[in-house]
Amino acid sequence: MTLSEQIPGLSQAIEREQFVRDSAFLDMPETVCGFDVKPFTLHHVLLLSLVGNPFMVGGAATPVDVGQFLWAVSTEWDPRAKWRRKLFFRRCRRINYANALKEIEAYLTEAFQDAPGGGSEGERQSFYSFAASMVDLFGKEYKWTDRKTIHLPLKRLFQLMAVIRRRNDPDAVMFNPSDKVRGDWLKTVNGN
Amino acid sequence: MAALKNDGTVFYGSKVLTVGSAGGGVGGTTYVADNIELTRATGAILRTNELGEPSGRVLYKNDVDSFTCTLQLASSATVPPTLGWEVTVTFDATSGAEIFYLDKLSETFVKDGEVKLSATFVDKLV
């Protein structure tokens, strides 16, 4: 008996994660709160972290933070287009705040679904940024420029990181979004 | 071991394992094991003729069978398995159900509340 036959909902969860993985390579359009947005990139992470947006640095997001997030990932984003930015924020006033939080969370969950997990043995000291480690990895592996890595969808980069990791360490511990379905099933079976 | 064909995303190399301190892991905790790599250890004796050309070969068991895998725990509240805990696994019809015990464990890795670790099990000889 396969795991999919044993664990209810597992095959559907695998199909969902596979769809996100495949579509990440097709430049398919994405929409959040009715706005056309670009796939989430390292550029967006850096931009939103620098301005202290709560979706990146943590904390409760206000409607202004929602607008700031949507503007940063929007296909209309341009740091010099001040008038366009003003019109965009005016359109943001019409969106439902509670729905916006849910949609942004779903958008980010998809973007980070293949991000590597971490060891649980305490914190590790950091000597460089998350961006530096990714730029270095793809520069070394594929000879990519900083710019190329920074502007590619994270959904693609995390999958490629998984491929590189598996190539270098076939026994590496890896995670899938569908692991949650397995974890929930294990809790039921083990009675905890 | 690689599958010659994997149609429909079958979890090749994955199994549900019950690992515990009792004989054969009976009544233990359930884990999902991925990336199972089984090693049937053998050695060979080569017989050669007067010119050093091979004329015969004997294959024999020279080590204990073992398998490595990644174990998924139910949650961070689940007790990780302990070295020496046993498990009963059937890899093929010829060997049937076999008992292995936990020989090596890695640190635990966590992502979004899911917990995994690397483990090595070796065949219980007696």
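Chain A is the first sequence line, chain B the second, and so forth, proteins listed ahead of strands; every chain is numbered from 1. Hydrogens, waters and symmetry mates play no part in the numbers below; they use all other heavy atoms, side chains included.
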Sorted by chain and residue number, the side-chain contact (heavy atoms from CB on, under 4.5 Å) partners of A:Pro63 (sequence neighbours excluded) come out as A:Tyr97
Nearest-0.5 Å distance that lies between atom [atom1] in [X] and atom [atom2] in [Y]:
| X | Y | atom1 | atom2 | answer |
| --- | --- | --- | --- | --- |
| B:Gln72 | A:Leu186 | CD | CG | 6.0 Å |
| A:Asn176 | B:Lys111 | CG | NZ | 8.5 Å |
| B:Ser14 | A:Leu3 | OG | CG | 5.0 Å |
| A:Gln6 | B:Thr30 | CD | OG1 | 10.0 Å |
| A:Thr109 | B:Asp112 | OG1 | CG | 8.0 Å |

Around atom [atom1] of [X], are there more than 12 heavy atoms of other residues, nucleotides or ligands at under 6.0 Å?
| X | atom1 | value |
| --- | --- | --- |
| A:Lys180 | NZ | no |
| A:Glu5 | CD | yes |
| A:Arg167 | CZ | yes |
| A:Lys86 | NZ | no |

When the 4.5 angstrom heavy-atom criterion is applied to A:Asp179 and chain B, the contacting part is both
Among residues 73-85 of chain B, those lying within the under-4.5 Å heavy-atom range of chain A are B:Leu73, B:Ala74, B:Ser75, B:Thr78
So, the side chain of B:Asn35 versus the backbone of A:Pro170: is there a donor-acceptor pair under 3.5 Å, distance only?
yes
Exercise. Are any side-chain N or O atoms of B:Lys116 and backbone N or O atoms of A:Met174, one a donor and one an acceptor, separated by less than 3.5 Å?
Worked result: yes
Taking A:Phe88 as the starting point, is it possible to reach A:Leu48 by hopping between hydrophobic residues whose side chains are less than 4.5 Å apart?
yes
Check your understanding: A:Leu152, A:Phe130: one ILVMFWY side-chain cluster at the under-4.5 Å cut-off?
Key -> yes
All heavy atoms of B:Phe109 vs all of A:Phe175, minimum pair found to be O-CZ, 3.3 Å
Taking every heavy atom of B:Val32 against every heavy atom of A:Trp185, the minimum-distance pair comes out as CG2-CZ3, 4.5 Å
